[in-house]
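Let me begin by presenting the structure, written as structure tokens, before commenting on it.
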Amino acid sequence: QVQLAESGGGLVQAGDSLRLSCAASGRTDNRYTMAWFRQSPGNEREFVAAIRWSGGNTWYADSVKGRFTISRDKAENTAYLQMNSLKPEDTALYYCAAAYGVINTSTYYERTYKYWGQGTQVTVSS
């Protein structure tokens, strides 16, 4: 089992930055992938970014490329999502997720991930 705990959400203005954290505990090792998804009211949960724990390869949704950066601190077992130039449309509940044995083509799909955090709210005002 892997437990995930997100933090760092809040209320900001358009153009501001936030950094989300996802602390992992339990059965963790270099074989897993961690990802961020988000869900806004009335919409399905969507992929934001992912990172392979071992090699550090990253994936991003087109809507956040160039603005968001995913990273990880192996020693702290924590993944981060640095969000810059935030827009009102980035407003959502952001979830951290993890899975083992993810192949590249499956990285973007919610069903790939077995472990999920409770979410942290990000609200961007215009």
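Along the sequence shown, the residues carry numbers beginning at 1.
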**OP:** Please list all pairs passing the side chain to side chain donor-acceptor pair (under 3.5 Å) test where one or both residues lie in residues 7-20, with sequence neighbours left out.
**Re:** S17-N84
Original post:
Does the pair F68 and L86 meet the rule for a side-chain contact (heavy atoms from CB on, under 4.5 Å), with working shown?
Top reply: CA-CA 9 Å; F68 290 12; L86 281 162; 3.9 Å; yes
**OP:** State the OH-CZ distance between Y95 and R45, to the nearest 0.5 angstrom.
**Re:** 5.5 Å
**OP:** Give a yes or no on this: more than 12 heavy atoms of other residues, nucleotides or ligands lie within 6.0 Å of atom NZ of K114.
**Re:** no
Subject >> Cluster check V64, W59: I/L/V/M/F/W/Y, side chain < 4.5 angstrom >> reply: no
Subject >> Side-chain donor or acceptor of S21 paired with backbone N/O of Y80 under 3.5 Å >> reply: no
**OP:** Answer yes if the side chains of T107 and N104 hold a donor-acceptor pair under 3.5 Å, and no otherwise.
**Re:** no
**OP:** Please check if the side chain of T112 supplies one atom and the backbone of E110 the other of a donor-acceptor pair under 3.5 Å.
**Re:** no
Original post:
Does the pair K87/D90 count as a salt bridge with the N-to-O cut at 4.0 Å?
Top reply: no
Original post:
Can you pull the ring pair (Phe, Tyr, Trp, His ring centres under 6.0 Å) pairs that have at least one residue in residues 31-58, sequence neighbours excluded?
Top reply: Y32-W53, Y32-Y100, F37-F47, F37-Y113, F37-W116, F47-Y108
Original post:
Is there a side-chain contact between N57 and I51 (heavy atoms, below 4.5 Å)?
Top reply: no
**OP:** Go through the steps to decide whether T58 and Y60 satisfy the test side-chain contact (heavy atoms from CB on, under 4.5 Å), and finish with yes or no.
**Re:** CA-CA 7 Å; T58 57; Y60 294 95; 3.6 Å; yes
**OP:** Might you point out which heavy atoms bring E76 and T78 nearest each other, and give the distance in Å?
**Re:** O-OG1, 2.9 Å
Subject >> Donor-acceptor under 3.5 Å (E6 side chain, Q118 main chain) >> reply: yes
Identify every side-chain donor-acceptor pair in residues 119-126 under 3.5 Å, counting partners at least two apart or on other chains, and give the distances.
unit_1: T120; atom_1: OG1; unit_2: G9; atom_2: N; d: 3.1
unit_1: Q121; atom_1: NE2; unit_2: A92; atom_2: O; d: 3.4
unit_1: Q121; atom_1: NE2; unit_2: T123; atom_2: OG1; d: 3.3
unit_1: S125; atom_1: OG; unit_2: V12; atom_2: O; d: 3.3

**OP:** Answer yes if the side chains of R52 and T33 hold a donor-acceptor pair under 3.5 Å, and no otherwise.
**Re:** yes
**OP:** Supply the atom-to-atom distance E89 CD to S40 OG, rounded to the nearest 0.5 angstrom.
**Re:** 10.5 Å
Original post:
For M34 and C22, which heavy atoms make the closest approach, and how far apart are they?
Top reply: CE-SG, 3.3 Å
Original post:
Which distance, rounded to the nearest 0.5 Å, do you find between the OH of Y115 and the CG of L4?
Top reply: 9.5 Å
Subject >> Trace of the side-chain contact (heavy atoms from CB on, under 4.5 Å) decision for R38 with E46 >> reply: CA-CA 5 Å; R38 66 186 182 186; E46 63 174 359; 2.6 Å; yes
Original post:
side-chain contact (heavy atoms from CB on, under 4.5 Å) between L20 and M83: does it pass, once the steps are laid out?
Top reply: CA-CA 8 Å; L20 305 183; M83 306 185 295; 3.7 Å; yes
